[in-house]
Protein chains: 2
Amino acid sequence: MEEIDRQILGLLAGDGRMSFTDLARETGLSVSAVHQRVRRLQKRGVVKGFTALLDNEAIGLALTAFVSIKPIDPAAPDDAPQRLAGIEAIEACHSVAGEESYILKVRVASPNDLENLLQQIRAQANVATRTTVVLSTPWEGRRPPL
Amino acid sequence: MEEIDRQILGLLAGDGRMSFTDLARETGLSVSAVHQRVRRLQKRGVVKGFTALLDNEAIGLALTAFVSIKPIDPAAPDDAPQRLAGIEAIEACHSVAGEESYILKVRVASPNDLENLLQQIRAQANVATRTTVVLSTPWEGRRPPL
DNA sequence: GGTGAAAACAATCGGCT
DNA sequence: AGCCGATTGTTTTCACC
């Protein structure tokens with residue numbers, strides 16, 4: 001039961017376009033059984049969607065950085081996520097424990113764009129920033145152990 | 001030309017399982033033209049693959065953290081990525097500029113698992129660790145502006 | 001969870017602009 | 001070069017068991 005669902009999740013994490021026929025062969029179920037399991041996993045929110053993995057350099061976003069932010073006025077209400085949500089270059093926004101309040105992962109084309117982005121972040125969210133530039137990425141987005 | 005490729009990438013980033021028929025409708029091209037463009041994008045490495053987006057809580061990995069590591073012996077050869085590559089809980093490994101040498105993104109089920117993971121990282125790579133626990137994630141994995 | 005038929009789709013080819 | 005349209009075999013879907 002749950003075992004087969006985990007197997008399906010692993011297969012789809014590895015190849016998001018795998019056909020239901022192949023999923024059925026791998027799991028030993030019939031095509032329609034696999035199909036309804038996948039749909040159920042989507043409806044329950046376990047599978048949130050499917051996406052293409054793109055090469056960031058190839059699409060002109062060669063520079064990745066982590067930006068930690070800290071409010072300048074600690075008494076002000078913390079609505080940084082809403083204030084920053086509109087900035088497309090921010091790929092992820094994590095609220096964290098520790099000295100800073102959020103860690104942002106950003107992707108830009110150049111150091112110049114990074115500078116502009118940081119100014120925009122500081123102005124828009126009224127925060128101080130601490131930036132860590134990524135030099136290389138041995139791996140990323142590895143799928144989790146199921 | 002390149003404009004249409006960017007459009008295709010955007011569509012596939014949004015829905016990795018979109019059919020070639022739908023891609024053709026959206027782009028105004030024929031099915032076979034879209035098909036050969038996608039294959040070319042894959043062969044050139046612009047599209048690295050397709051994957052399912054899973055809900056980490058639902059699959060029992062409720063705890064995310066960033067682990068910055070710094071070698072204990074700065075004179076030793078830096079082969080941390082190879083030493084850590086076998087640890088499945090490490091979702092990403094970035095070499096970074098700054099005080100620390102790598103930032104790891106890890107996913108585990110519990111604080112207890114995090115403790116074990118940190119011990120494993122320290123022992124296996126001979127590094128000191130600094131861990132920042134993620135409390136919540138307003139957003140993550142947003143697709144880049146094309 | 002399975003089956004079977006209808007509809008939709010993927011993948012290839014030769015020819016067209 | 002890149003695109004189209006038809007063909008062929010496969011995949012997805014749906015109603016039903």
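Values below: every heavy atom of this structure, side chains too, minus hydrogens, waters and symmetry copies. Note on naming: letters A, B, ... go to the chains in the order of the sequence lines (proteins, then strands), and numbering restarts at 1 for each one.
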Salt bridge or not for A:Glu91 and A:Arg107, using N-O below 4.0 Å? yes
Side chain of B:Ala33 only, please: which of D:dC4, D:dT11, D:dG2 is the nearest? D:dC4
Calculate the interatomic distance between B:Gln42 atom CD and C:dA10 atom P; express it in whole Å. 13 Å
Taking CZ from B:Phe50 and P from C:dA10, how many angstroms apart are they, rounded to a whole number? 11 Å
Nearest whole angstrom, please: distance from the P of C:dA10 to the CG of B:Leu12. 11 Å
Nearest 0.5 angstrom please: A:Phe66 CZ to A:Thr132 OG1, how far? 8.5 Å
Length of the CG-P vector between A:Leu23 and D:dT12, whole Å: 8 Å
Closest approach to the side chain of B:Ser30, judged atom by atom: which nucleotide of D:dC4, C:dA11, C:dT12 is it? D:dC4
Under 4.0 Å between a side-chain nitrogen and a carboxylate oxygen: does that hold for B:Glu99 and B:Lys70? yes
Grab the NE2-C1' distance between B:His35 and D:dT10 for me, whole Å please. 13 Å
Taking the side chain of B:Arg37 as heavy atoms from C-beta outward, which of D:dT12, D:dC14, D:dC3 is closest to it? D:dC3
Can you tell me if the side-chain N/O atoms of A:Thr21 get under 4.0 Å from OP1 or OP2 in D:dT12? yes
Calculate the interatomic distance between B:Gln36 atom CD and C:dT12 atom P; express it in whole Å. 11 Å
Which nucleotide in D:dC4, D:dT12, C:dG2 has an atom nearest any side-chain atom of A:Leu29: C:dG2
Round to a whole Å and report the spacing from CZ of B:Arg17 to P of C:dA8. 18 Å
Near A:Glu57 CD, under 6.0 Å, is it more than 12 heavy atoms from other residues, nucleotides or ligands? no
Using a 4.0 Å heavy-atom cut-off across all strands, classify A:Val31 as base, sugar-phosphate, or nothing. base
Does B:Asp5 come within less than 4.0 Å of B:Arg40, counting only side-chain N to carboxylate O? yes
For B:Ser32, report the nucleic acid contact type (base, sugar-phosphate, nothing); a contact means any heavy atom under 4.0 Å. base
Rounded to whole Å, CZ of A:Phe20 lies from P of C:dG4 at a distance of 21 Å
Reckon B:Arg39 has a side-chain N or O less than 4.0 Å from the OP1 or OP2 of C:dT12? yes
